[in-house]
A.B. asks: 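Take this structure first; my questions come after.
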Amino acid sequence: MKKILPFLLILTLVVTCVLFAACNKTPATGDPTEKPDDAPKVTDAPKNTDAPSDPTATPEPTPVPTATPEPTATPEPDPGDEFNLLMDGKFYDDVPVGWDSLWAASVRQETDYTQSHTNDGSGCLVLENSETAIHQEVATLVDFEAGETYYYSYWFKTEDISSMKAAQVVIYPSYFASLPDYLPPSGTVDWTFVEGSFVPEESGMQKFAIRIWEGSGIAYFDDVYLGKKSYTEIYGATPPPPEPTPEPELAVIADDDPRLGVNLVKNGDFKDDIDVGWATEWHNEFMVISYAKDVSHTDDGSGSICFEGYDEETSNGLRESMIQVEAYVPYKVSFWAKTDKEVAKDRFWLSVKGTDLQYYFGDTGTDWTYHEFFFVPKFSAKYTLLLQIVWNENVTYVDDIRVEVTQDYVPPVE
């Protein structure tokens with residue numbers, strides 16, 4: 001017991017020291033670099049916005065908003081394209097696909113994208129002639145079947161077309177299939193719709209043509225269709241016709257008008273040889289056209305043009321001269337003629353090509369006889385004055401051919 005007592009005293013002393021140290025321990029402060037939560041926070045000094053900027057600094061560009069592109073409109077497919085036998089009847093291409101130029105253009109023969117009667121992005125075919133003697137056309141070949149019904153339709157408009165038969169859509173040879181006798185009126189016509197049908201009697205490849213024939217002016221054609229379904233079957237109702245264009249008034253010619261008395265025909269009095277001012281359009285071996293220097297209805301030293309025929313069934317010859325006229329101005333055409341024997345009236349004629357005027361004078365007589373007729377052109381252009389004599393066996397002289405502005409206009413008898 002005496003040995004254990006000292007050990008217990010030492011153990012008691014150690015425990016007492018440990019407990020005393022635990023009661024007087026200081027709380028840990030952690031990392032001496034960390035700031036307590038309630039320590040004051042340091043903030044950035046306020047910026048001086050009035051301080052001058054650095055003049056050498058490059059300013060940042062102002063962003064430009066990007067425009068959203070508008071969606072491109074996709075044209076609606078034309079239901080007629082499925083049935084159209086023509087390759088480019090709507091004229092989407094500059095050189096229409098599938099159409100060949102058979103007669104060269106006098107002024108224009110092209111696709112015009114500013115004149116289409118629709119807004120589907122296509123164009124239209126424009127043909128323009130400056131003279132009535134010039135033909136032009138485009139055509140495409142179509143393989144037709146005999147006995148089948150074919151329907152055609154197209155839109156057209158004209159500007160200053162000289163005659164009713166100028167702007168045409170045709171099939172030829174004409175015996176193959178005759179289209180209805182629709183001829184647009186002369187002058188200016190707004191977009192007009194034409195349709196029809198025909199049944200060919202023969203099978204084979206034939207030409208489907210668009211043309212200006214014996215006329216001047218401008219013609220536009222669009223949406224040309226040819227197929228075995230009609231316009232009504234494909235599209236429904238036929239478009240209504242346009243309003244008629246009012247006819248301009250006839251020009252009034254004053255007494256002091258400088259155009260009065262001026263002959264528009266070059267060498268119309270035949271003081272020079274007929275090769276001056278008069279072109280040989282055509283004549284066959286049974287007709288001789290010559291200059292009769294010593295034959296005239298006057299004694300002014302001029303001559304006349306002579307037609308001498310050798311066969312009353314086949315002789316044929318003609319000469320023509322160009323005249324420049326003005327729209328809606330009255331003109332008088334006059335001439336003198338004689339023949340060695342009278343023939344049928346319709347064997348001789350003088351006409352203004354490109355109009356519907358054709359003056360017959362086969363019954364002129366064996367003495368010099370005066371003839372006259374009048375016309376009013378519907379637009380300003382060059383017209384062809386055509387002198388033709390056919391189917392006779394005689395000698396005919398024509399002299400002093402004049403075309404001049406007149407105050408004494410006489411309308412033609414209907």
A.B. asks: Parallel, tilted or perpendicular: which one describes the rings of Tyr231 and Tyr235, with boundaries at 30° and 60°?
C.D. replies: tilted
A.B. asks: Drop me the distance from Ser315's OG to Asn392's CG, to the nearest 0.5 angstrom.
C.D. replies: 4.5 Å
A.B. asks: Which heavy atom of Thr149 sits nearest a heavy atom of Val199, and at what distance?
C.D. replies: OG1-CG2, 3.6 Å
A.B. asks: Hey, what do you get for CZ (Phe193) to CG (Asp222), rounding to the nearest 0.5 Å?
C.D. replies: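 Taking CZ in Phe193 and CG in Asp222, the distance rounds to 12.0 Å.
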A.B. asks: Taking side chain to side chain contact (heavy atoms under 4.5 Å, CB included) as the definition, give me every residue that meets it alongside Tyr360, ordered by chain and number, with sequence neighbours left out.
C.D. replies: Lys345, Asp346, Trp349, Gln358
A.B. asks: Locate the shortest heavy-atom distance separating Leu260 from Val405; write the atom from each residue and the value.
C.D. replies: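 It is CD2-O, 3.6 Å.
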A.B. asks: Drop me the distance from Phe348's CZ to Trp391's CH2, to the nearest 0.5 angstrom.
C.D. replies: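 Going from the CZ atom of Phe348 to the CH2 atom of Trp391 covers 12.5 Å.
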A.B. asks: Distance from Ile323 atom CD1 to Glu320 atom CD, nearest 0.5 Å?
C.D. replies: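 Ile323 CD1 to Glu320 CD: 11.5 Å, rounded to 0.5 Å.
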A.B. asks: Does atom CH2 of Trp336 have more than 12 heavy-atom neighbours, drawn from other residues, nucleotides or ligands, at distances under 6.0 Å?
C.D. replies: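 Count over threshold, so yes.
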A.B. asks: Would a 4.5 Å heavy-atom cut-off, applied to side chains only, mark Glu312 and Val343 as touching?
C.D. replies: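 The answer is no; the side chains never approach within 4.5 Å.
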A.B. asks: In Å, rounded to the nearest 0.5 Å, how long is the span from CZ of Phe83 to CD1 of Ile234?
C.D. replies: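 Interatomic distance, Phe83 CZ to Ile234 CD1, rounded to 0.5 Å: 5.5 Å.
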A.B. asks: Check whether any side-chain heavy atom of Tyr291 lies under 4.5 Å from a side-chain heavy atom of Asp272, and answer yes or no.
C.D. replies: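 No, every pair of side-chain atoms sits at 4.5 Å or beyond.
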A.B. asks: Take Ser153 and Asp223, measure what side-chain contact (heavy atoms from CB on, under 4.5 Å) needs, and give me the verdict at the end.
C.D. replies: CA-CA 8 Å; Ser153 62; Asp223 284 3; over 6 Å; no
A.B. asks: Run the side-chain contact (heavy atoms from CB on, under 4.5 Å) test on Lys266 and Val276 for me, step by step, so that the C-alpha distance in whole Å, both residues' side-chain angles and the decisive distance to 0.1 Å come before the verdict.
C.D. replies: CA-CA 8 Å; Lys266 184 178 181 180; Val276 177; 4.0 Å; yes
A.B. asks: Mind checking side chain to side chain contact (heavy atoms under 4.5 Å, CB included) for Tyr310 and listing every partner two or more places apart, or none if nothing turns up?
C.D. replies: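 Residues passing side chain to side chain contact (heavy atoms under 4.5 Å, CB included) with Tyr310: Val288, Glu308.
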A.B. asks: Are side-chain heavy atoms of Phe375 and Val403 found at a separation under 4.5 Å?
C.D. replies: yes
A.B. asks: Report the C-alpha separation of Gln388 and Phe307 in whole Å, then their side-chain angles, then the decisive distance to 0.1 Å, and conclude whether the side-chain contact (heavy atoms from CB on, under 4.5 Å) test is met.
C.D. replies: CA-CA 9 Å; Gln388 184 166 7; Phe307 292 79; over 6 Å; no
A.B. asks: Looking at every non-hydrogen atom in both residues, tell me the closest pair between Val126 and Tyr220 and how far apart they are.
C.D. replies: CG2-CE2, 3.5 Å
A.B. asks: Check side chain to side chain contact (heavy atoms under 4.5 Å, CB included) between Ser321 and all other residues, then give those that pass, not counting sequence neighbours.
C.D. replies: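 Partners of Ser321 by the side chain to side chain contact (heavy atoms under 4.5 Å, CB included) criterion, ordered by chain and then number, come out as Val265, Trp278.
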A.B. asks: Find out whether Leu86 and Val142 are in side-chain contact, i.e. whether some heavy atom of one side chain is under 4.5 Å from a heavy atom of the other.
C.D. replies: yes
A.B. asks: Hey, is the main chain of Ile401 close enough, under 3.5 Å, to the side chain of Asn263 for a donor-acceptor pair?
C.D. replies: yes
A.B. asks: I'd like to know if the side chain of Thr158 reaches the main chain of Ala219, judged simply by a donor and an acceptor atom lying under 3.5 Å from each other, with no hydrogens or angles considered.
C.D. replies: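 Side chain of Thr158 to backbone of Ala219, a donor-acceptor pair under 3.5 Å: no, none is there.
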A.B. asks: How far apart are the closest heavy atoms of Val390 and Asn316, and which atoms are they?
C.D. replies: CG1-OD1, 3.0 Å
A.B. asks: If the condition is side chain to side chain contact (heavy atoms under 4.5 Å, CB included), which residues does Lys332 pass it with, not counting sequence neighbours?
C.D. replies: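 Side chain to side chain contact (heavy atoms under 4.5 Å, CB included) list for Lys332, sorted by chain: Tyr370, Glu372, Phe374, Glu404, Thr406.
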A.B. asks: State, with a plain yes or no, whether a side-chain heavy atom of Met87 is found less than 4.5 Å away from one of Thr140.
C.D. replies: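 When only atoms from C-beta onward are counted, Thr140 and Met87 do not touch, as no gap falls below 4.5 Å.
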A.B. asks: Between Arg211 (side chain) and Leu127 (backbone), is there a donor-acceptor pair under 3.5 Å?
C.D. replies: no
A.B. asks: Hydrogens and angles aside, do Thr232 and Ser230 bring a side-chain donor and acceptor to less than 3.5 Å of each other?
C.D. replies: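 No - no donor-acceptor pair under 3.5 Å links their side chains.
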A.B. asks: Is there a side-chain contact between Val295 and Trp368 (heavy atoms, below 4.5 Å)?
C.D. replies: yes
A.B. asks: At what distance, to the nearest 0.5 angstrom, does CD1 of Ile274 lie from CZ of Arg319?
C.D. replies: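 Output value for this atom pair is 4.0 Å.
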A.B. asks: Evaluate the criterion side chain to side chain donor-acceptor pair (under 3.5 Å) for residue pair Glu342 and Asn394; output intermediate values, then yes/no.
C.D. replies: CA-CA 9 Å; Glu342 293 185 7; Asn394 61 340; over 6 Å; no
A.B. asks: Verify side-chain contact (heavy atoms from CB on, under 4.5 Å) between Val329 and Ile253, making sure each step is shown before the conclusion.
C.D. replies: CA-CA 8 Å; Val329 172; Ile253 308 302; 4.2 Å; yes
A.B. asks: At their closest point, which heavy atom of Ser296 faces which heavy atom of Asp399, and how far apart are they?
C.D. replies: OG-OD2, 2.7 Å
A.B. asks: Under 3.5 Å, side chain of Asn284 to main-chain N/O of Thr314, donor-acceptor pair present?
C.D. replies: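 Pair found, side chain donor or acceptor close to backbone of Thr314.
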A.B. asks: Once ring-ring contact (aromatic ring centres under 6.0 Å, His included) is applied, do any residues pair with Phe286, and if so which ones, sequence neighbours excluded?
C.D. replies: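 ring-ring contact (aromatic ring centres under 6.0 Å, His included) list for Phe286, sorted by chain: empty.
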A.B. asks: How about CD on Glu313, more than 12 heavy atoms from neighbouring residues, nucleotides or ligands closer than 6.0 Å, or not?
C.D. replies: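 No - once you tally the heavy atoms of other residues, nucleotides and ligands closer than 6.0 Å, there are 12 at most.
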A.B. asks: In the structure I gave you, are the side-chain heavy atoms of Thr192 and Lys157 within less than 4.5 Å of one another anywhere?
C.D. replies: no
A.B. asks: Below 4.0 angstrom, N of the basic side chain to O of the carboxylate: do Asp400 and Lys271 qualify?
C.D. replies: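 No, this pair does not count.
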A.B. asks: Taking all atoms of both residues into account, what is the closest heavy-atom pair of Lys228 and Tyr150, and its distance?
C.D. replies: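 Result for this residue pair: CE-OH, 3.7 Å.
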A.B. asks: Could I get the full list of ring-ring contact (aromatic ring centres under 6.0 Å, His included) partners for Phe335, not counting sequence neighbours?
C.D. replies: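 With sequence neighbours excluded, Phe335 shows a ring-ring contact (aromatic ring centres under 6.0 Å, His included) to Tyr359, Phe361, His371, given in chain and number order.
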A.B. asks: Going by atom types only, do Gln407 and Asp255 share a side-chain donor-acceptor pair under 3.5 Å?
C.D. replies: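 Checked: Gln407/Asp255 side chains pair up, N/O donor to acceptor below 3.5 Å.
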A.B. asks: Would you say the side chain of Leu318 lies within less than 4.5 Å of the side chain of Ile289, judging by non-hydrogen atoms?
C.D. replies: no
A.B. asks: Determine, step by step, whether Tyr397 and Phe270 satisfy the ring-ring contact (aromatic ring centres under 6.0 Å, His included) criterion, reporting the C-alpha distance in whole Å, the side-chain angles of both residues, the deciding distance to 0.1 Å, and the verdict.
C.D. replies: CA-CA 11 Å; Tyr397 301 92; Phe270 298 104; over 10 Å; no
A.B. asks: Look only at the side chain of Asn84 and the backbone of Leu226, and say whether a donor-acceptor pair between them is shorter than 3.5 Å.
C.D. replies: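 Yes, because the side chain of Asn84 sits within donor-acceptor range (under 3.5 Å) of the backbone of Leu226.
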